[in-house]
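Here is the structure we will look at, set down as structure tokens.
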Amino acid sequence: IMVHSTLALSLLLIAVTSNLAMAIKKEKRAPQTLSRGWGDEITWVQTYEEGLYQAKKSNKPLMVIHHLEDCQYCQALKKAFAENEEIQEMAQNNFIMLNLMHETTDKNLSPDGQYVPRIMFVDPSLTVRADITGRYSNRLYTYEPQDMMFLIENMKKALRLIQTEL
């Protein structure tokens, strides 16, 4: 009987510890799921509504990145975005960040269509900044990997516009 209960106890312990290990692993991996590769050091909000709330509360602009997993342009942009230290640092410190793989119900976030990738800024006053655009007239809010300096300028513009308009 002693052997039997010892075996049962050790099996129970193994089960508990492997579940615990999985829970700990999950805990550590949590930010990665929301970052989806756009920057693991950045704190990402989960929904557009949460983003608006945080933007208003913190007085920081919200940056919304629309993308899709199977879009090669999105993947290329994501890589350039994640590797750019200045963008990562600004995103981490000065913006509320959201990346979405689905459309929002807010039509203001698709003023010229629902294409990806698309990056838009929303002011803490909850105004979508349709005036902060990329370089392409056919898709106003798209950026390409070589446009990171342009995106940095637009991020600075989003920050500057808050300060002047409050």
Side-chain angles (χ1 to χ4, degrees), residues 27-166:
E27 199 54 51
K28 272 201 178 130
R29 232 179 26 227
Q32 265 72 330
T33 56
L34 281 182
S35 102
R36 300 187 181 96
W38 289 89
D40 292 336
E41 299 303 311
I42 297 168
T43 306
W44 298 88
V45 293
Q46 206 154 356
T47 62
Y48 182 52
E49 292 67 31
E50 186 192 344
L52 293 174
Y53 173 77
Q54 293 293 348
K56 198 176 175 71
K57 198 176 86 166
S58 65
N59 200 37
K60 291 177 177 178
L62 167 64
M63 185 173 181
V64 184
I65 305 171
H66 282 96
H67 65 106
L68 290 170
E69 218 34 74
D70 55 4
C71 152
Q72 62 181 18
Y73 303 104
C74 300
Q75 293 299 338
L77 180 64
K78 180 195 294 190
K79 189 175 184 316
F81 187 96
E83 287 172 0
N84 186 300
E85 278 176 40
E86 192 174 354
I87 287 178
Q88 291 292 306
E89 193 196 339
M90 268 200 292
Q92 200 176 338
N93 299 321
N94 308 108
F95 287 84
I96 302 302
M97 297 295 296
L98 172 66
N99 70 73
L100 287 178
M101 294 175 69
H102 57 83
E103 280 301 329
T104 62
T105 51
D106 187 343
K107 297 283 171 259
N108 296 312
L109 282 180
S110 51
D112 67 338
Q114 299 188 336
Y115 51 85
V116 290
R118 165 168 114 248
I119 299 179
M120 297 196 72
F121 297 94
V122 184
D123 202 70
S125 66
L126 307 188
T127 313
V128 175
R129 304 289 336 199
D131 54 344
I132 303 181
T133 57
R135 298 169 52 178
Y136 310 97
S137 54
N138 60 335
R139 293 187 166 196
L140 291 176
Y141 306 97
T142 205
Y143 295 84
E144 293 188 349
Q146 65 270 23
D147 300 334
M148 291 307 97
M149 288 316 294
F150 200 80
L151 180 58
I152 288 169
E153 287 314 307
N154 276 348
M155 289 171 84
K156 289 178 178 169
K157 188 173 174 184
L159 292 169
R160 210 166 42 241
L161 287 171
I162 293 172
Q163 283 137 15
T164 55
E165 287 176 15
L166 280 183

[X] vs [Y] side-chain heavy atoms within contact, under 4.5 Å:
X: L159; Y: P61; value: yes
X: M90; Y: K156; value: yes
X: N108; Y: M120; value: no
X: L151; Y: M63; value: yes
X: F121; Y: L62; value: no

Donor-acceptor contact below 3.5 Å, side chain [X] vs main chain [Y]:
X: Q88; Y: W38; result: yes
X: K60; Y: M97; result: no
X: N84; Y: I87; result: yes
X: R36; Y: N99; result: yes

N/O donor-acceptor pairs under 3.5 Å from side chains in residues 45-55, not counting sequence neighbours:
{"unit_1": "T47", "atom_1": "OG1", "unit_2": "E50", "atom_2": "N", "d": "3.0"}
{"unit_1": "Y48", "atom_1": "OH", "unit_2": "D106", "atom_2": "OD2", "d": "2.7"}
{"unit_1": "E50", "atom_1": "OE1", "unit_2": "Q46", "atom_2": "N", "d": "2.9"}

If you compare all heavy atoms of [X] against all heavy atoms of [Y], which two are closest, and at what distance to 0.1 Å?
X: P145; Y: L77; value: CG-N, 4.0 Å
X: A158; Y: F95; value: CB-CE2, 4.0 Å
X: C74; Y: C71; value: SG-SG, 2.6 Å
X: P117; Y: Y73; value: CD-CB, 3.9 Å
X: V116; Y: L68; value: CG2-CD1, 3.8 Å

| request: Answer yes or no: is there an ion pair linking E144 with R139, defined by an N-O contact shorter than 4.0 Å? | output: no

Please report the interatomic distance [atom1]([X]) to [atom2]([Y]), rounded to the nearest 0.5 Å.
X: S58; Y: N94; atom1: OG; atom2: CG; value: 10.5 Å
X: T142; Y: D147; atom1: OG1; atom2: CG; value: 8.5 Å
X: D40; Y: L34; atom1: CG; atom2: CG; value: 10.5 Å
X: L98; Y: I119; atom1: CG; atom2: CD1; value: 11.5 Å
X: I65; Y: Y141; atom1: CD1; atom2: OH; value: 16.0 Å
X: I96; Y: T43; atom1: CD1; atom2: OG1; value: 8.5 Å

| request: Start with the C-alpha distance between L161 and D131, add both sets of side-chain angles, then the distance that settles side-chain contact (heavy atoms from CB on, under 4.5 Å), and finish with yes or no. | output: CA-CA 11 Å; L161 287 171; D131 54 344; 4.1 Å; yes

| Does R118 make a cation-pi contact with Y115 (under 6.0 Å, within 45 degrees of the axis)? |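 Checked: cation-pi criterion met.
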
| note | Here the salt bridge (Lys or Arg N to Asp or Glu O under 4.0 Å) pairs for residues 62-76, sequence neighbours left out, are E69-K78

| Just wondering, more than 12 heavy atoms not from Q146 lying within 6.0 Å of its CD? |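 Counting other residues, nucleotides and ligands, CD of Q146 exceeds 12 neighbours.
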
